J.: 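Below is the structure I would like to discuss, written out as structure tokens.
None of the values given here were measured: they were computed from a predicted structure. When reading the values below, keep in mind they use all heavy atoms of this one structure, side chains included, and skip hydrogens, waters and symmetry mates.
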Amino acid sequence: MQYIKKNKELLRVILAVCIIIVGITHFTVADQYVRIVPPQLPNPLGLVYLSGFYEILGGIGLLVPPLSQPAAWGLIALFIAVYPANINMAVNHIKIDHVPDSNLLQAIRLPLQAVLIAWAWWYTKPSNREKQASIIPKFLIPKELETEV
């Protein structure tokens with residue numbers, strides 16, 4: 001556990017980069033995501049684009065200190081909002097290209113969403129300004145926008 005706490009900011013960058021990449025794939029291979037949108041929901045392609053946009057925005061937000069806490073909350077909401085698509089994929093055994101077609105893997109994916117929620121939750125708490133990963137040089141962030149420690 002100490003190793004994880006020590007590497008909180010490295011893990012922030014990993015989450016941010018991964019979620020940005022996944023968000024981009026919502027635009028580059030949207031058809032793969034459209035397949036898993038529950039049929040009860042309207043405009044599956046629009047929902048895929050919307051979730052991809054918010055994934056990219058949330059990933060970037062995690063790396064902007066004044067926005068990192070709201071971005072983490074937004075990612076938690078997003079992870080909850082897309083959960084029905086993961087359930088639909090597992091229950092209906094929907095195959096996605098380049099992902100092994102296995103009932104076990106689809107079932108494992110369901111609790112993985114809780115891991116992502118917990119990971120994002122970690123960043124809803126104030127961070128140490130000096131240590132927090134940032135894509136903006138810290139001297140450019142106005143003092144009144146700094147996150148409290």
Side-chain angles (χ1 to χ4, degrees), residues 1-38 41 43-90 94 96-100 102 104-149:
M1 188 63 165
Q2 185 61 23
Y3 173 80
I4 291 173
K5 283 183 182 180
K6 185 177 176 183
N7 291 293
K8 180 179 182 179
E9 295 310 314
L10 173 62
L11 293 169
R12 177 193 302 269
V13 172
I14 290 169
L15 176 60
V17 170
C18 288
I19 203 69
I20 290 168
I21 290 169
V22 169
I24 291 168
T25 66
H26 279 65
F27 295 94
T28 59
V29 290
D31 61 308
Q32 300 297 305
Y33 294 99
V34 167
R35 289 184 201 170
I36 66 172
V37 174
L41 297 177
N43 193 3
L45 182 60
L47 292 173
V48 167
Y49 287 157
L50 190 63
S51 62
F53 172 77
Y54 282 112
E55 285 175 336
I56 295 167
L57 200 62
I60 292 169
L62 280 179
L63 299 175
V64 177
L67 302 176
S68 64
Q69 288 178 275
W73 282 112
L75 286 173
I76 290 168
L78 181 67
F79 294 148
I80 293 168
V82 301
Y83 196 62
N86 295 337
I87 294 170
N88 186 46
M89 181 179 174
I94 300 170
I96 300 298
D97 294 346
H98 311 295
V99 175
S102 159
L104 177 62
L105 287 177
Q106 289 180 350
I108 289 172
R109 183 176 179 175
L110 295 177
L112 180 61
Q113 204 76 1
V115 173
L116 291 173
I117 290 168
W119 196 354
W121 176 273
W122 199 15
Y123 300 109
T124 64
K125 309 294 181 234
S127 296
N128 181 318
R129 181 189 190 280
E130 296 305 315
K131 293 180 181 178
Q132 185 172 346
S134 177
I135 56 174
I136 298 174
K138 295 200 174 85
F139 69 87
L140 291 177
I141 300 171
K143 294 283 186 204
E144 58 272 6
L145 294 180
E146 288 182 12
T147 305
E148 293 292 322
V149 181

J.: How many angstroms lie between CG in Leu62 and CG in Leu57, if you round to the nearest 0.5 Å?
T.: 10.5 Å
J.: Does some side-chain heavy atom of Ile87 sit less than 4.5 Å from a side-chain heavy atom of Gln113?
T.: no
J.: How many angstroms lie between atom CD1 of Ile36 and atom CZ of Arg109, to the nearest 0.5 angstrom?
T.: 5.0 Å
J.: Looking only at non-hydrogen atoms, find the nearest pair between Pro84 and Pro38 and report the distance.
T.: O-CG, 3.7 Å
J.: Could you point out which residue of Tyr49, Phe53, Tyr33 forms a ring-ring contact (aromatic ring centres under 6.0 Å, His included) with Phe27?
T.: Tyr49
J.: Enter the distance from Leu63:CG to Glu9:CD here, rounded to the nearest 0.5 Å.
T.: 9.0 Å
J.: Check the pair Lys131 / Lys8 against side chain to side chain contact (heavy atoms under 4.5 Å, CB included), numbers first and verdict last.
T.: CA-CA 9 Å; Lys131 293 180 181 178; Lys8 180 179 182 179; over 6 Å; no
J.: Hey, could you give me the CG/CG distance between Leu41 and Asn88, rounded to the nearest 0.5 Å?
T.: 9.0 Å
J.: Looking only at non-hydrogen atoms, find the nearest pair between Ala71 and Gly61 and report the distance.
T.: CB-C, 3.5 Å
J.: To the nearest 0.5 Å, how far apart are CG in Leu75 and CH2 in Trp121?
T.: 14.0 Å
J.: How close do Ala133 and Pro65 get, heavy atom to heavy atom, and via which atoms?
T.: O-CG, 4.4 Å
J.: Identify the two heavy atoms, one from Trp122 and one from Leu11, that lie closest to each other, and give their separation to 0.1 Å.
T.: CZ3-CD1, 3.7 Å
J.: Are any non-hydrogen side-chain atoms of Tyr123 and Leu15 less than 4.5 angstrom apart?
T.: yes
J.: Measure across Ala120 and Ala72 and return the closest heavy-atom pair with its distance rounded to 0.1 Å.
T.: O-CB, 3.3 Å
J.: Measure the CG-CH2 distance between Leu116 and Trp119 for me, rounded to the nearest 0.5 Å.
T.: 7.0 Å
J.: Check Ile19, Ile24, Ile21, Val22 against Ile56 for a side-chain contact (heavy atoms from CB on, under 4.5 Å) and give me the one that passes.
T.: Ile24
J.: Report yes if some heavy atom in the side chain of Ile20 is under 4.5 Å from a heavy atom in the side chain of Ile60; otherwise report no.
T.: yes
J.: For Ile117 versus Ile80, what's the shortest heavy-atom pair and its separation?
T.: CD1-CG1, 3.8 Å
J.: Could you give all pairs that pass the side-chain hydrogen bond (donor to acceptor under 3.5 Å, both in side chains) test and reach residues 52-67, with sequence neighbours left out?
T.: His26-Glu55
